[in-house]
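Below, all heavy atoms of this structure are taken into account, side chains as well, without hydrogens, waters or symmetry copies. Keep in mind that this is a model prediction, so the values were computed, not measured.
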Amino acid sequence: MTIGRTAVLELRRSATSRARRWLLVASGVVGLLTAGLVAFTGPAQDQTFAMISFYTQSAISLPLPFVSVLIMTQEFGRRAMSVTVGSSSSLDPIIAAKLLASAIIAVTGAGYGVLISLVATSAAAPAANEGRWDAIGMIILGSVLVQLIAQLSGAGWGLLLRSSALAIAADVVVPLGLWIITGAIPALQGLQAWLAPFSSVRNLLSGHMDAERWAQVGVIALVWVVALNAAGILRLHRLSQSGGD
């Protein structure tokens, strides 16, 4: 089976699996409620596409990565791995398909967030509110990148830890803890934008990116997407070659 067909199968499983389906529904509901709250109850200065997108995409990115955690752990989990191991060469296409499915979910989630942010901004902001649509193209691009980093980071935790509960906890606690620590210790504050994913979200959704901010996003993607998934893939190969846990 090709990578594309396997990815489609994973997307179908996400729609039929009760846990994944409820996470998808929760992401959609949380995003919608957040957009409505910011647009209709927030201060006038927040009734711009940039601010509504920031809160909406941030809300969606909280539960949505758990879908990718389950995509990985339900096949490569500690119990399921005993069935999967034995053919190390077959792991890479399966992992690639699962990562592709995660990326599709991320882009879909970002598109949904953009749509409801557009509707909320149009409905709430007065026509005379200048600047409500500033940098819309960059914000849409930033929305996609935010969801991709969040979703593929969740996939990486799932690959590395192979336990749904541990991976979900790590996906929340580690980035949040790093953001708090780097913000609380003066000597580390300069590292926050380079290491804490939460810092990149505001920059990407502000619509105003410069060379330094793009470099920060690149480092965060390298650490939280590339390195995390590479570590998980390497561990799976070692387990496969050794016959399991």
Find the distance between [atom1] ([X]) and [atom2] ([Y]) and round it off to the nearest 0.5 Å.
X: Q147; Y: Q57; atom1: CD; atom2: CD; result: 5.0 Å
X: L37; Y: I52; atom1: CG; atom2: CD1; result: 11.0 Å
X: I95; Y: L100; atom1: CD1; atom2: CG; result: 13.5 Å
X: T108; Y: I104; atom1: OG1; atom2: CD1; result: 7.0 Å
X: L239; Y: R162; atom1: CG; atom2: CZ; result: 5.0 Å
X: L118; Y: I140; atom1: CG; atom2: CD1; result: 6.0 Å

Response to the item:
Residues passing the salt bridge (Lys or Arg N to Asp or Glu O under 4.0 Å) test with R213, sequence neighbours excluded, are none
[Y] reachable from [X] in the ILVMFWY side-chain graph, under 4.5 Å edges:
X: L152; Y: V219; value: yes
X: V29; Y: W22; value: yes
X: L141; Y: V201; value: yes
X: L62; Y: L178; value: no
X: V226; Y: L148; value: no

What are the two closest non-hydrogen atoms of [X] and [Y], and how far apart are they?
X: L195; Y: W224; answer: O-NE1, 2.8 Å
X: I139; Y: G207; answer: CG1-CA, 3.7 Å
X: L205; Y: S143; answer: CD2-OG, 3.4 Å
X: S27; Y: I60; answer: O-CG1, 3.8 Å
X: Q47; Y: R132; answer: O-CB, 4.1 Å
X: M209; Y: V217; answer: CE-CG2, 3.9 Å

Check whether any side-chain heavy atom of [X] lies under 4.5 Å from a side-chain heavy atom of [Y], and answer yes or no.
X: T48; Y: D134; value: no
X: S163; Y: T73; value: no
X: L24; Y: Y112; value: no
X: V172; Y: F66; value: yes
X: V38; Y: T56; value: no
X: L64; Y: I105; value: yes

Worksheet entry | More than 12 heavy atoms of other groups within 6.0 Å of R12 CZ | no
What pairs with [X] under side-chain hydrogen bond (donor to acceptor under 3.5 Å, both in side chains), at least two apart in sequence or on another chain?
X: S17; result: none
X: R13; result: E10
X: S68; result: S102, Q151

Discussion item. Is there a side-chain contact (heavy atoms from CB on, under 4.5 Å) between T121 and M51? Walk through the geometry before answering.
Written reply: CA-CA 9 Å; T121 304; M51 289 305 298; over 6 Å; no
Worksheet entry | Polar side-chain atom of R20 near backbone of V67 as donor-acceptor pair, under 3.5 Å | no
Worksheet item: Would you say the side-chain atoms of K98 pair up with the backbone N or O of I71, donor to acceptor, closer than 3.5 Å?
Response: yes
Practice prompt. Pick out which of S61, P175, S153 makes a side chain to side chain contact (heavy atoms under 4.5 Å, CB included) with P197.
Written response: P175
Worksheet item: Who pairs with F49 by ring-ring contact (aromatic ring centres under 6.0 Å, His included), at least two apart in sequence or on another chain?
Response: W133
Fill in: Sequence neighbours excluded, every pair satisfying side chain to side chain donor-acceptor pair (under 3.5 Å) that has a member inside residues 169-198
none
